[in-house]
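Here is the structure we will look at.
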Amino acid sequence: MAETLTVAGARDDAGFAALVRQHQAMVFSIAYHFFMDRDAAEELSQDVFLKLHRNLPGLKSPEHVTSWLRKVTSHRCIDLARRRKVCAFLGLDQVAEPAAPVPECDPLRSEFLKRLVASLPEQARLLIILRYEEEMPVEEIAATLGIKSGTVKSQLNRTLAVLREKAGRAMGEKAV
C-alpha cells in the first residue's frame, strides 16, 4: 500500500479504513495529551473520524486531510473541555499509556512536566501540545487554529514563561 492514500481512494469502506489507520495515532495523540484521559481521547478520536467520513468529499488531497484532521481535533478538544469544564486532573498513576507510539525523547514524558502542562488553560495547553508533542511548525499551528503566526509565537513565549515560573516555584527557586 502506498505511504499516503489519495483522497479519492478513501471513498470506499476499505479505503476509508486505511485512511483512518494512517492518521489515528496523530488524532489520538493530540486528544490524549490534551485531556490526559484515554477514554476521552478515544471518544474524541471516534467523533473526529466520523466527521471526516461525512466531510471526505470536500477534501482535495492527502495534505488537506492531514491539515483538516489536526484542525478538527484541536477545535474538538477545546470544545469538549469547555463543555465538560475539565479542570480536574487524574493522578498520573490512573492514566493508561497512549496507544500511539511515544518517541524516545518525548518532552511531555516526565510526570512533573505533564502536571505543569495539564495545569495550563485549554488554548495554551493545545499550543504546547501541537508545537512540542506533535512537532508542528508555527505556521501550521496558526493555520490549524485560524490565528496569525505572530500570535502563535507570542502565546507560546508567554506560555513557556508561565511554565518556567511554575516549575521554578515548584522547585523552590525564585522566578528569573
Side-chain angles (χ1 to χ4, degrees), residues 4 7 22-37 40-41 43-45 47-52 54-56 58-90 98 100 102-103 105-171 173-176:
T4 58
V7 176
Q22 180 183 356
H23 295 287
Q24 67 188 3
M26 174 193 65
V27 170
F28 180 83
S29 177
I30 292 170
Y32 178 79
H33 285 100
F34 186 84
F35 289 109
M36 299 307 289
D37 177 353
E43 182 179 334
L44 188 132
S45 297
D47 289 345
V48 168
F49 285 114
L50 181 61
K51 193 168 186 171
L52 173 65
R54 290 185 196 132
N55 289 285
L56 199 55
L59 302 176
K60 296 169 181 47
S61 68
E63 296 79 21
H64 190 196
V65 171
T66 302
S67 165
W68 186 93
L69 283 169
R70 285 179 175 154
K71 185 175 201 162
V72 170
T73 303
S74 299
H75 287 238
R76 290 286 295 134
C77 283
I78 290 174
D79 291 345
L80 186 59
R82 286 179 180 162
R83 210 172 30 246
R84 291 169 57 188
K85 299 207 187 294
V86 174
C87 289
F89 303 103
L90 293 175
V102 178
C105 59
D106 183 0
L108 298 180
R109 197 166 204 159
S110 80
E111 292 181 27
F112 178 68
L113 188 54
K114 285 182 181 180
R115 280 191 223 118
L116 283 178
V117 171
S119 72
L120 294 170
E122 292 101 7
Q123 183 79 16
R125 185 170 57 212
L126 187 59
L127 285 171
I128 293 294
I129 290 167
L130 293 176
R131 179 68 185 108
Y132 298 105
E133 180 61 31
E134 297 301 314
E135 299 176 354
M136 289 174 60
V138 169
E139 295 75 22
E140 271 188 62
I141 296 170
T144 297
L145 299 178
I147 57 180
K148 295 180 181 177
S149 294
T151 303
V152 171
K153 289 176 186 176
S154 65
Q155 287 180 357
L156 277 170
N157 283 334
R158 277 192 299 255
T159 301
L160 290 172
V162 167
L163 286 173
R164 278 191 292 275
E165 181 182 329
K166 286 183 176 193
R169 278 188 301 201
M171 295 181 162
E173 300 171 3
K174 288 186 176 181
V176 178

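For the numbers below, each heavy atom of this structure counts, side chains included, while hydrogens, waters and symmetry mates do not. Keep in mind that what you see is a predicted model, and the values were worked out from it rather than measured.
Residues S29 and E134 bring a donor and an acceptor atom of their side chains to less than 3.5 Å of each other.
Side-chain atoms of R125 do not come within 3.5 Å of backbone N or O of V117 as any donor-acceptor pair.
The nearest pair of heavy atoms linking A31 to C77 is CA-SG, 3.8 Å. Considering every non-hydrogen atom in both A81 and E122, the closest pair reads CB-CG, 3.6 Å.
Side-chain contact between W68 and K51: present, with at least one pair of heavy atoms (C-beta onward) separated by less than 4.5 Å. L160 is listed as a side-chain neighbour of R164, based on a closest heavy-atom distance under 4.5 Å. Side-chain contact check for L52 versus V72: every heavy-atom pair is 4.5 Å or farther apart.
Among residues two or more places apart in sequence or in another chain, the side-chain contact (heavy atoms from CB on, under 4.5 Å) test is passed with T151 by I147, K148, Q155. Taking the side-chain contact (heavy atoms from CB on, under 4.5 Å) definition, one finds that K153 meets it with V138, sequence neighbours left out. Under the side-chain contact (heavy atoms from CB on, under 4.5 Å) criterion, K71 pairs with H75, T144, not counting sequence neighbours. Residues forming a side-chain hydrogen bond (donor to acceptor under 3.5 Å, both in side chains) with K166 (at least two apart in sequence, or on another chain): S119. Evaluation of the salt bridge (charged side-chain N to carboxylate O under 4.0 Å, His left out) rule for E140 yields R70 as partners, not counting sequence neighbours. For R131, the salt bridge (charged side-chain N to carboxylate O under 4.0 Å, His left out) test picks out no residue, with sequence neighbours left out.
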(request) Please lay out, stage by stage, how L145 and L126 fare under the test side chain to side chain contact (heavy atoms under 4.5 Å, CB included). (result) CA-CA 10 Å; L145 299 178; L126 187 59; 3.8 Å; yes
(request) Start with the C-alpha distance between M26 and I30, add both sets of side-chain angles, then the distance that settles side chain to side chain contact (heavy atoms under 4.5 Å, CB included), and finish with yes or no. (result) CA-CA 6 Å; M26 174 193 65; I30 292 170; 4.2 Å; yes
(request) Please step through side chain to side chain contact (heavy atoms under 4.5 Å, CB included) for the pair F35 and L80, ending with a clear verdict. (result) CA-CA 10 Å; F35 289 109; L80 186 59; 3.8 Å; yes
(message) Determine whether L156 and T159 satisfy the following criterion, side chain to side chain contact (heavy atoms under 4.5 Å, CB included), listing intermediate values before the conclusion.
(response) CA-CA 5 Å; L156 277 170; T159 301; 5.5 Å; no
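Taking CD1 of I141 as the start and CD of E139 as the end, the distance is 9.0 Å to the nearest 0.5 Å. Distance check: F34 CZ to I128 CD1 gives 12.5 Å after rounding to the nearest 0.5 Å. Atom OH of residue Y32 and atom CD of residue E133 lie 10.5 Å apart, to the nearest 0.5 angstrom.
The side-chain contact (heavy atoms from CB on, under 4.5 Å) test with V48 is passed by exactly one of E43, R76, H23, Q24: R76.
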